[in-house]
Number of protein chains: 2
Amino acid sequence: MMRTNLANQTKRRVARMPGPKAVPGRDIEAPTAHEIGKRRPEVRLDGLTSLAGYLIRQAQLWVFADFNTTLAPLDIRPAQYSMLVVIRDNPGLSQMALSEVLGISRSGIIPPLDELQSRKLLKRTAASDRRTHALRLTTEGKALLAHADSLVQQHEQRLMDKVGARGHQQLLNVLEVFGRDS
Amino acid sequence: MMRTNLANQTKRRVARMPGPKAVPGRDIEAPTAHEIGKRRPEVRLDGLTSLAGYLIRQAQLWVFADFNTTLAPLDIRPAQYSMLVVIRDNPGLSQMALSEVLGISRSGIIPPLDELQSRKLLKRTAASDRRTHALRLTTEGKALLAHADSLVQQHEQRLMDKVGARGHQQLLNVLEVFGRDS
DNA sequence: CAAGATTGTTCTTGACGTGAACAATTCTTT
DNA sequence: AAAGAATTGTTCACGTCAAGAACAATCTTG
């Protein structure tokens with residue numbers, strides 16, 4: 001079959017004895033419908049979909065995927081968009097303050113900031129504290145962000161279509177707790 | 001200051017002229033409270049917290065962080081936990097089916113499966129289709145997963161403490177849409 | 001002024017995910 | 001039944017994303 005790996009220790013063990021042997025009358029060694037009927041196995045995942053954390057994870061994956069396809073014409077990723085918004089609303093803030101508010105390490109924001117700066121969307125101005133950089137959007141950055149905002153509204157609308165207007169409002173209310181530090 | 005990078009083109013520009021100069025009477029070149037008052041800048045991020053996608057992202061980060069610290073004694077990551085649960089509830093399923101249901105590529109599940117197998121938590125049994133591996137939990141895997149389940153319940157309880165019982169139920173209802181394919 | 005703290009940067013490391021290429025096997029088609 | 005196409009698991013190369021250590025420049029504090 002495939003190359004050598006962890007699996008080929010337990011090969012060559014064919015079918016299975018008729019009578020169930022281990023642990024007589026229990027649910028273990030269950031139906032195994034996958035080995036017999038090949039067509040559409042119908043995987044059960046109730047064990048996961050009843051966990052809010054799993055649903056949040058799946059929702060987040062959908063959000064990023066839809067965000068990326070929506071913002072693709074501008075080539076703006078979610079992290080980059082959040083940086084542009086925070087810089088626009090807080091002109092002159094430092095990289096340290098930005099990294100704290102976005103919840104990433106100060107070394108982690110440097111590559112995306114470099115890219116945004118090389119694309120002439122923001123500038124690192126000198127501040128009174130000469131250790132820091134005062135971040136500001138360029139005129140071009142403000143224009144692109146305005147365009148991005150309208151696309152993000154389309155994305156938000158698609159999310160609303162998916163969960164309903166009522167569900168969308170509930171999401172904003174319930175998840176508001178995670179908006180600050182947390 | 002720092003080494004050579006994209007920023008040090010715009011250095012050596014010290015303070016700022018008293019009177020505002022560029023674009024007379026607009027919101028641009030705003031208060032810049034960060035350059036004057038140094039103490040607790042009070043960063044505004046309304047622009048982000050009004051987006052459901054951003055809140056979902058923040059909630060997801062909290063969920064993973066809390067999950068990881070809660071499950072740390074068992075050394076189980078979220079992705080590994082979801083694999084164990086799906087294999088327990090669907091004994092004998094193939095790696096392909098598992099990767100489809102978890103939404104990752106079939107090459108991407110091999111490293112975590114290898115680790116779980118080397119830890120003797122699951123085994124890759126031979127199936128009637130000799131191309132595939134029938135995934136099953138070992139007795140040890142079932143025992144560890146039972147322990148993990150109780151820890152995950154604690155984690156879920158902490159999430160409920162954070163959003164309230166009502167909010168928790170609303171999350172399950174609203175996000176149920178993302179539980180299947182999507 | 002000297003000692004310590006802060007900021008931005010680089011470098012290394014690790015988790016995680018995708019896509020291409022490939023061997024073994026099964027399925028399809030005639 | 002045999003040839004060609006499709007499927008499954010694997011490896012490999014690659015890219016993204018985030019964290020931590022070390023360091024220079026600068027500020028703050030005693």
Side-chain angles (χ1 to χ4, degrees), chain A residues 1-12 34-35 38-41 57 60-61 64-65 68 75-80 82-83 92-100 102-115 117 122 124-135, chain B residues 1-12 14 34-35 38-39 41 57 60-61 64-65 67-68 75-80 82-83 92-100 102-115 117 122-135:
Chain A
M1 175 200 251
M2 315 87 183
R3 315 240 181 81
T4 77
N5 76 327
L6 271 169
N8 53 14
Q9 307 161 347
T10 60
K11 296 291 278 296
R12 294 300 87 177
H34 307 289
E35 296 173 342
K38 293 275 175 54
R39 297 280 78 103
R40 30 196 82 83
R57 166 73 171 158
Q60 202 261 308
L61 290 176
F64 266 32
N68 282 327
D75 195 29
I76 290 288
R77 246 56 49 99
Q80 296 172 332
S82 65
M83 292 178 190
L93 92 168
S94 69
Q95 298 185 188
M96 196 63 193
L98 179 61
S99 67
E100 276 179 5
L102 293 182
I104 54 186
S105 70
R106 72 203 150 130
S107 63
I109 50 172
I110 296 193
L113 281 185
D114 281 354
E115 186 189 325
Q117 182 174 5
L122 61 84
R124 297 191 237 217
T125 313
S128 56
D129 184 336
R130 307 221 307 286
R131 289 172 303 183
T132 76
H133 289 156
L135 300 173
Chain B
M1 171 197 257
M2 315 86 184
R3 314 239 180 80
T4 77
N5 74 327
L6 272 169
N8 52 14
Q9 306 161 348
T10 60
K11 296 290 281 300
R12 294 301 85 178
V14 197
H34 307 287
E35 295 172 343
K38 292 275 174 54
R39 297 282 78 105
R57 166 73 171 157
Q60 202 260 309
L61 290 176
F64 265 32
F67 187 101
N68 281 327
D75 196 28
I76 290 288
R77 246 57 48 111
Q80 296 172 332
S82 64
M83 292 178 189
L93 93 167
S94 68
Q95 298 185 187
M96 194 65 194
L98 180 61
S99 68
E100 276 179 5
L102 293 182
I104 53 186
S105 70
R106 71 202 150 128
S107 62
I109 50 172
I110 296 193
L113 282 184
D114 282 353
E115 185 190 325
Q117 182 174 4
L122 61 83
K123 50 190 171 184
R124 298 191 236 218
T125 312
S128 56
D129 185 336
R130 307 220 307 285
R131 290 172 301 184
T132 75
H133 290 156
L135 300 172

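Numbered from 1 within each chain, the chains take letters A, B, ... in sequence-line order.
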Measuring from atom [atom1] of [X] to atom [atom2] of [Y], what distance do you get when rounded to the nearest 0.5 angstrom?
| X | Y | atom1 | atom2 | answer |
| --- | --- | --- | --- | --- |
| A:Gln60 | B:Gln60 | CD | CD | 4.5 Å |
| A:Ile109 | A:Leu102 | CD1 | CG | 7.5 Å |
| A:Met96 | A:Asp129 | CE | CG | 12.5 Å |
| B:Leu93 | B:Thr132 | CG | OG1 | 9.5 Å |

[X] has an atom [atom1]; how far is it from atom [atom2] of [N], in whole Å?
| X | N | atom1 | atom2 | result |
| --- | --- | --- | --- | --- |
| A:Met83 | D:dC17 | CE | P | 9 Å |
| B:Leu113 | D:dG9 | CG | P | 10 Å |
| B:Asp129 | D:dT7 | CG | C1' | 8 Å |
| B:Ile110 | D:dT10 | CD1 | P | 4 Å |
| B:Ile109 | D:dT11 | CD1 | P | 13 Å |
| A:Leu135 | C:dT7 | CG | P | 13 Å |
| A:Met96 | C:dA5 | CE | P | 14 Å |

For [X] and [N], is the shortest distance between a side-chain N/O and OP1 or OP2 below 4.0 Å?
| X | N | answer |
| --- | --- | --- |
| B:Arg130 | C:dT26 | yes |
| B:Arg124 | D:dT10 | yes |
| A:Gln95 | C:dT9 | yes |

Set out, line by line, the N/O atom pairs under 3.5 Å between protein and nucleotides 14-18 of chain C.
unit_1 : atom_1 : unit_2   : atom_2 : d
C:dT18 : OP2    : B:Ser105 : N      : 2.8
C:dT18 : OP2    : B:Ser105 : OG     : 3.0

Next item on the list: Kindly determine whether B:Leu135 and B:Arg124 satisfy side chain to side chain contact (heavy atoms under 4.5 Å, CB included), including the steps that lead there.
Entry: CA-CA 5 Å; B:Leu135 300 172; B:Arg124 298 191 236 218; 3.7 Å; yes
Margin query: Assuming nearest nucleotide by heavy-atom distance, tell me which of B:Glu100 and B:Pro111 is located more 5' along DNA chain D.
Written below: B:Glu100
Note to self: Quiz question: going by heavy-atom distance under 3.5 Å, is there a donor-acceptor pair between the base of C:dT6 and the side chain of A:Arg131?
What the structure shows: yes
Check: So, for B:Pro112 and B:Met83, which heavy atoms are closest and what is the spacing to 0.1 Å?
Finding: CG-CE, 3.5 Å
Note to self: Does A:Gln95 form a side chain to side chain contact (heavy atoms under 4.5 Å, CB included) with A:Ile110? I'd like the steps, not just the answer.
What the structure shows: CA-CA 8 Å; A:Gln95 298 185 188; A:Ile110 296 193; 4.1 Å; yes
